[in-house]
There are 2 protein chains.
Amino acid sequence: MKRQTWQRAAVREALSARGGFVSAQDLHTALKANGSPIGLATVYRALADLAVDGDADSLQSSDGENLYRACVSAGHHHHLICRSCGRTVEIEADPIEQWAAEVAAANGFRDPRHVVDVFGTCSSC
Amino acid sequence: MKRQTWQRAAVREALSARGGFVSAQDLHTALKANGSPIGLATVYRALADLAVDGDADSLQSSDGENLYRACVSAGHHHHLICRSCGRTVEIEADPIEQWAAEVAAANGFRDPRHVVDVFGTCSSC
DNA sequence: AACTAAGTGAGAACGATTGTCAAAATCGCC
DNA sequence: GGCGATTTTGACAATCGTTCTCACTTAGTT
Ligand SMILES: [Mn+2]
Ligand SMILES: [Mn+2]
Ligand SMILES: [Zn+2]
Ligand SMILES: [Zn+2]
């Protein structure tokens, strides 16, 4: 059974406090800066769990880091991410969902998953 | 000026010989298995150059590896990739191109780029 | 309180990628 | 063909994000 620890709560809360996407390392640094003695490995584990449970979105940055963000909308969705400041807008992509399913089926691919993220420069940047 | 070396030619050729996406390490292993004394760092450099020059597609796998593939169709396109055997189909995504541009503009994002890849299990797997 | 399985964390280990730098190879030129 | 300036190579070290190890702690149960 999954146990409730102050560490997981702290990660959850720190992630929400941050607006956009953060790396595990940055979140760990932020937590320590606030006096928390939480371990780095624990932050990694908590974030991975949150992502699995659908409570956080995750994506890899262009330089290979895994970034996490407290999920605001439930269910499947995609992201519009500012490549300068990290500001993120969650977007629906109804036309894409169907398109992905169709193109997979048309080529004999089963169990399709897709990665659809749009990067750009936001109006503030 | 860019010099022509047998190493770059070998990487180019090995990449074409492979059908789908390969990691630098795997391609290096394949080259060595064929008797080539090429160095690993050189394979990394050659692949990066090919990608920059538009002669190879690149993407990061879900576990963070950079994968490369000899580009067959010129211009912008997307991929349908078998997560089991790496077989890749290049696909057009006309509906997505327009959708991405629209959703970026609607949210005030400039200079939009998008990542659209569909993963699945191909009919042979 | 006692028990037990799950969770934690400091540090080691890992793995893909990049940096270093002396030796080797390419290209333009004579 | 030979020369020299410049680029490229490759063995190896270094980086860096992430995962593993394992002794210790703790949540949840009885
Ligand atoms: Mn999201
Ligand atoms: Mn392609
Ligand atoms: Zn921005
Ligand atoms: Zn396949």
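Residue numbers begin at 1 in each chain, while the letters A, B, ... track the order of the sequences.
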For L27(A) and dG17(D), give me the distance from atom CG to atom P, rounded to whole Å. 15 Å
Inspect the contact between R12(B) and D49(B) and indicate whether a charged nitrogen and a carboxylate oxygen are less than 4.0 angstrom apart. no
With five pairs defining each end axis, the helix from dA1(C)-dT30(D) to dC30(C)-dG1(D) comes out bent, to 10°, by 30°
Protein heavy-atom contacts under 4.0 Å, written 5' to 3' over nucleotides 3-16 of chain C as B (base), S (sugar-phosphate only) or - (none), form the string --BBSBB------B
Hey, what else clusters with L27(A) if you join Ile, Leu, Val, Met, Phe, Trp, Tyr whenever side-chain heavy atoms sit under 4.5 Å? W6(A), V11(A), L15(A), V22(A), L31(A), I38(A), V43(A), L47(A), L50(A), Y68(A)
Name each donor-acceptor pair under 3.5 Å that joins a side chain in residues 106-114 of chain A to protein atoms two or more places apart or in another chain, with its distance.
from, atom 1, to, atom 2, distance (Å)
N107(A), ND2, V103(A), O, 2.8
R110(A), NH2, C125(B), O, 2.9
D111(A), OD1, R113(A), NH2, 3.0
D111(A), OD2, R83(B), NH2, 3.4
H114(A), NE2, H76(A), NE2, 3.0
H114(A), NE2, H78(A), NE2, 3.2
H114(A), NE2, E97(A), OE1, 3.1

Would you say that C71(B) contacts D57(B) through its side chain, given a criterion of any heavy-atom pair below 4.5 Å between the two side chains? yes
Could I get the full list of side-chain hydrogen bond (donor to acceptor under 3.5 Å, both in side chains) partners for E13(B), not counting sequence neighbours? none
What are the two closest non-hydrogen atoms of H79(A) and L59(A), and how far apart are they? ND1-CD2, 4.2 Å
In plain terms, say whether K2(A) and D53(A) are close enough for a salt bridge, that is, a side-chain N and a carboxylate O under 4.0 Å apart. yes
Sequence neighbours left out, what pairs pass side chain to side chain donor-acceptor pair (under 3.5 Å) with at least one residue falling in residues 29-45 of chain A? Q25(A)-Y44(A)
Rounded distance in Å - CD (Q4(B)) to C1' (dT6(D)): 17 Å
